Structures are given as C-alpha cells and as structure tokens.
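Working notes, structure below.
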Amino acid sequence: TLAPPQPTLAEARATLERVWGHPDFRGLQAAVVAEVLAGRDVLAVLPTGGGKSVCYQVPALLRPGLGLVISPLIALMTDQVEALKQQGVRAARLDSGVSLEDRSAIWRAARAGDLDLLYVSPEGLASGAMLDRLAELPLSLIAIDEAHCVSQWGHDFRPDYRTLGRLAEVFPGTPRIAVTATADARTREDIVRSLRLEGAEVLVDSFARPNLQLSAVRKESGSRAKTDAAVIALVRERRGKSGVVYCGSRDGCERVAQALQEAGTNAIAYHAGMDARERDRRLERFLAEDGAVMVATIAFGMGVDKADVRFVIHADPPGSLETYWQEIGRAGRDGETAEGITLYGPSDIAWSLRRLEGRPMAEEVKAAQVRKVRQLFAMLDGAVCRPQAVRRYFGEAEAQPCGVCDICQDPPAMFDATVHAQKALAAVQRLGERFGRGRVIDHLLGKTRDVQPWETALSTWGIGAEAPLHTWRDVLDHLMFEGLLVEDPNEGKPLVRLGDPSAVRAVYRGERTVEVRLTPARVSAPR
Ligand code: ADP
Ligand code: ZN
C-alpha cells in the first residue's frame with residue numbers, strides 16, 4: 001500500500017490562516033512545523049510568546065490520527081482547549097477535573113476519529129491505564145509542552161515528566177515534539193536525553209524581544225514599606241494600563257494588591273493559597289477587564305496569554321534568569337512597546353539562597369541553582385545591557401546592546417572598588433562575622449558607638465574613613481550581589497559573613513577586581 005502523501009508547508013500555512021487567522025508563520029515556526037509534518041522528532045526552543053502551540057497544533061490537524069499534548073498545568077490546558085474549540089478545532093482534555101461521564105465520551109470520540117487534539121497531564125499519563133488506551137489509537141504526533149520540566153537543572157522540575165521517556169518505545173513511529181522557552185544548554189541536553197529525542201532536530205529561536213524596555217532598581221535596604229510605596233507609585237504612573245506585579249510571597253502579594261486597590265487601581269491578587277476555582281475566576285477578570293493589574297506570586301504564569309500586558313513589575317526578583325525572562329516576556333505579546341521593571345535588594349538574594357538551602361535535592365543540583373540565583377543578581381546589579389546579558393547567558397554570543405534598556409539609555413558610571421572590597425572583607429573577617437551590615441560600616445568608618453578597646457585594637461578599625469557612608473552601603477550591597485559576602489538571617493538580626501572562600505581570596509590577592517556603580521538607581525518615594 002502507498003503511504004498517504006505528506007502534508008506540505010503550503011497546506012500548513014493555509015490551515016494557520018483558516019483556523020487561527022495568522023497570515024504566515026513567524027520565526028522558526030515554519031521550520032519546526034516542517035520537521036513534524038515530515039514525521040521527525042524535534043525540540044523547539046522558542047521565547048515566551050513566540051507561538052509554541054501552533055507548532056504542534058497545525059501539524060496535528062494535517063496529519064492523520066489524534067494529536068496528544070502533554071501539558072503540566074490544568075489551567076493552561078483548559079485555556080488552550082477552550083480556545084481551540086472556539087476556533088472549531090475538535091479538542092478535549094483529560095485531567096482530574098473531568099467527570100467519568102465526560103471521560104467515556106472523550107475516549108469514544110477519540111476511537112471514532114472525531115478528535116484532533118487531546119490534552120493530558122503528565123500525572124495522568126504516568127498511570128498505565130491511559131497509556132494502554134492511547135496505544136490502541138493512531139496518533140498524529142505527541143507534543144510535550146514546557147519540556148524543561150523534565151530537567152532538574154531547570155527551574156521548574158516535575159518528577160512526572162521523567163516517565164515521558166517511555167513514549168519513545170510505546171509510540172515508535174509517532175513524531176514527538178518537545179517545546180520550551182528555557183534555553184540554557186544544560187537543560188536542553190537534559191531534555192534530549194530524558195525524553196529520548198536523540199535523533200531530533202533542535203531548533204532554538206532568538207530570544208530577542210526588541211519591544212521590551214527593561215530596567216532594574218535597587219531597593220532601600222531593609223525597608224518593605226518603601227518598596228511597597230515604590231511599586232504603587234510605578235503602577236499609578238501607568239494608570240489604565242494592564243500589567244503584572246510579581247511578589248515573592250503570598251503575604252506580599254495580598255498586601256500590595258490591597259494597597260493598590262486602596263489607591264484606586266483595579267488590582268487582583270493571585271497566589272497558590274487560593275483554591276483553583278477562585279484562581280480561575282481571578283484570571284478571567286484579568287483577561288477580560290481593561291487596565292487590570294494582576295498582583296501575583298510565581299503561581300501565576302505558564303501559559304497566561306494576554307496580548308496587551310504593558311508592564312511587568314517585579315516587587316521581588318525571581319530565582320533565575322530563565323524565570324526572569326519568562327516573566328517579563330508576559331509583557332508586550334502584541335509586539336507593542338512594554339516595560340519590565342525589577343526591584344531587587346541584598347535581602348532578596350539572601351532570601352533566594354536561603355530558600356534553596358531548605359530544599360531536598362542533590363548537592364550538585366543545589367550548587368547549580370545557587371549559581372543561577374547569583375547570575376540573576378549579577379545581571380540586575382551589573383552594567384551590561386539587560387537583554388544582551390540574558391541572551392548571552394542563553395547562548396546567543398552575538399547578541400548586541402538593545403539600545404532601550406536603562407543601562408543602554410543611561411550607562412552607569414562605575415568605579416574600581418577593589419580596595420574598598422578588600423577592606424570590607426577584611427573588616428567582616430576581623431569582626432568574626434558576628435555583626436550586621438550597619439555595624440560593619442560603622443567599624444569601617446571608625447564610628448561605632450560605645451566602642452570597646454578590643455574593636456579599636458583591630459587593624460580594620462576606621463580603615464574606610466576616607467569614603468562616605470553611602471559609598472560603603474553601595475559596596476557592601478554589591479559584594480552581596482557578587483556572592484563575596486552573604487547575609488545570614490540569624491532570626492531577624494542579619495549577620496554579614498564571608499561568601500565563597502576562593503572568590504574572597506582572589507579579591508584579597510587582587511586577582512579579581514570589583515566594579516561598583518557610582519550611584520545605583522534606587523527606589524524613590526512617590527512624588
Ligand atoms: P508561547 O506558548 O510560545 O508563549 P503562544 O503559542 O501562546 O506562545 O502564542 C503567543 C501569541 O502569539 C498568541 O496570541 C498567538 O495567537 C500568537 N501567534 C502565534 N503564532 C503566530 C503567527 N504565526 N502569527 C501571528 N501571531 C501568532
Ligand atoms: Zn540595553
């Protein structure tokens with residue numbers, strides 16, 4: 001018998017236009033679709049908003065059989081399936097929220113060939129029963145959405161993804177397409193290995209987002225009230241625009257949302273402490289209402305697709321450059337200008353590192369995560385064009401300065417603070433790592449109140465008297481962002497300790513220089 005002719009890219013374009021109304025593929029979409037149409041496996045790394053879903057939805061409509069989509073979040077599945085149904089695509093989802101009755105109807109439709117796309121969760125698939133039933137059906141393709149969840153090097157590891165490697169054996173002739181917005185090389189390798197995509201073409205799109213204007217602003221140390229006030233001022237300056245404010249904790253999320261509501265903003269809180277129905281309701285409001293501002297924890301994220309989000313503000317920074325890029329990537333999906341503003345401070349890096357401490361994971365994995373935190377903060381407090389720094393981290397070595405971020409617009413003046421750093425590190429060491437930031441600075445300035453003879457006898461007493469207080473604040477903060485100093489929480493009375501010993505030694509020896517911004521942009525009180 002003759003194999004049916006392979007659908008062509010021209011047919012794929014026609015389907016994209018007819019069903020989605022998009023005149024053409026963009027970026028690497030066409031290349032990805034061509035691979036799948038030809039029946040080959042592919043790993044597609046496209047930035048958030050890059051249009052990953054049509055890469056498998058279009059071929060699923062053109063190839064014979066049912067397209068199986070594995071997706072990690074119920075909310076995300078529901079959104080996609082509803083959108084597809086409205087476009088006239090025969091799509092369904094099988095997750096824990098689907099009734100027994102609906103389930104049988106879905107399986108019936110699948111067997112009758114009346115279904116184009118079926119969305120399932122990795123947990124659902126991990127149960128053998130579902131896999132057995134699927135194995136009896138002709139599949140057009142298998143799409144693995146948010147494929148980085150398979151990697152523990154990534155930022156979103158989900159153990160259930162580990163079982164997806166089996167699909168290679170159960171469905172040997174079916175093309176598998178893995179999609180993700182997480183680009184770092186190690187995660188990519190892990191995806192290929194764990195999902196058994198050895199023969200797959202790996203297509204990585206540019207992560208450039210030229211319509212985003214990025215900036216980062218330092219928080220005033222230790223002042224939550226000032227940070228809240230700064231966030232509220234930033235949102236009010238953008239009144240009437242739709243945006244997202246990310247907070248590091250549920251408490252912070254509730255607090256900022258309430259303050260914004262009191263200031264007359266249509267703010268909606270969203271975090272994992274709310275039940276799924278309540279979260280869905282809030283998501284719907286955000287999508288439907290003009291000028292709505294979502295104040296959310298990281299629980300709000302994957303797959304949220306609102307085209308006209310004009311700003312993303314991080315009241316607290318995320319845990320890695322990957323998450324940062326994904327979260328700011330929720331702004332400006334319509335291609336119009338949008339902003340990403342990140343507030344960050346020394347207590348944030350301390351908090352991020354502390355949270356990792358408590359996680360049960362292999363030492364090696366933990367070390368990789370710690371590095372990710374440091375790389376994020378080094379970018380935030382650095383002097384390199386923001387998109388350029390991130391894209392280089394993602395492997396785009398030729399990325400050029402964007403021209404529109406805060407660094408490009410107003411290049412910060414830097415000074416060589418290597419000697420300052422040596423003095424500060426020595427002071428922390430001589431003081432036995434027993435004091436907080438303020439006290440270390442007082443010691444450097446020779447200004448400690450009620451000073452004891454043991455302290456004035458130290459060689460570091462007053463060695464920093466030539467520099468003003470604010471310089472020492474900047475230097476200490478920066479040393480924390482570089483990981484040369486760490487802030488140990490010590491039950492609310494934070495102590496400053498020395499960081500990575502080999503890095504500290506390199507600074508002492510003058511092998512490593514320390515550059516500090518002369519006047520870092522700081523949060524300001526509302527005008
Ligand atoms: P991702 O999952 O990569 O973040 P989506 O698949 O949700 O992105 O698509 C993001 C947005 O881009 C959606 O609004 C989608 O309709 C739109 N889009 C996708 N492909 C195209 C295209 N070829 N032309 C125009 N718009 C597109
Ligand atoms: Zn720039």
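Order of appearance sets the numbers: ligands from 1, and atoms from 1 within every ligand. These numbers come from a predicted model, not from an experiment.
Here the CZ-OG distance, from F394 to S206, works out to 11.0 Å after rounding to the nearest 0.5 Å.
Ligand 1 lies less than 4.0 angstrom from a heavy atom belonging to G50.
With a heavy-atom cut-off of 4.0 Å, P47 touches ligand 1 through its backbone alone. Contacts of H22 with ligand 1, taken as heavy-atom pairs under 4.0 Å, involve the side chain alone. The proximity of D24 to ligand 1, defined as any non-hydrogen pair under 4.0 Å, is limited to the backbone.
Residue P318 is tested with D348, I298, L376, V373 for a side-chain contact (heavy atoms from CB on, under 4.5 Å); the sole match is L376.
When the heavy-atom distances from atom 3 (O) of ligand 1 to K52, Q326, R13 are ranked, the shortest goes to K52.
The number of heavy-atom neighbours closer than 6.0 Å to CG of D275, taken from other residues, nucleotides and ligands shown, is above 12.
Those atoms of ligand 1 with a heavy atom of Q29 less than 4.0 angstrom away are 19 (C), 20 (N), 21 (C), 22 (C), 23 (N). Shown in contact with S53 at under 4.0 Å from a heavy atom are these atoms of ligand 1, numbered in order with element: 5 (P), 6 (O), 7 (O). Residue contact check: F25 has heavy atoms under 4.0 Å from atoms 23 (N) of ligand 1.
Under the 3.5 Å distance criterion, the side-chain polar atoms of D95 are left unmatched by any main-chain donor or acceptor of I74.
Between the SG atom of C408 and the SG atom of C405, the angle centred on the Zn ion (ligand 2) amounts to 110° when rounded to 10°. Computed with the Zn ion (ligand 2) at the centre, the C385 SG to C402 SG angle is 100°, stated to 10 degrees.
Electrostatic pairing of R517 and D474 does not count as a salt bridge here, judged by no charged N lying under 4.0 Å from a carboxylate O. Using a 4.0 Å cut-off between a side-chain N of Lys or Arg and a carboxylate O of Asp or Glu, E17 and R13 do not qualify as a salt bridge. D145 has no carboxylate O lying under 4.0 Å from a charged side-chain N of K52, or vice versa, which leaves the two without a salt bridge.
Cation-pi geometry between K241 and F311 is not met: the NZ or CZ atom fails to fall both under 6.0 Å from the ring centre and inside 45° of the normal.
Here's the thing with V54: none of its N/O atoms is less than 3.5 angstrom from an N/O atom of ligand 1.
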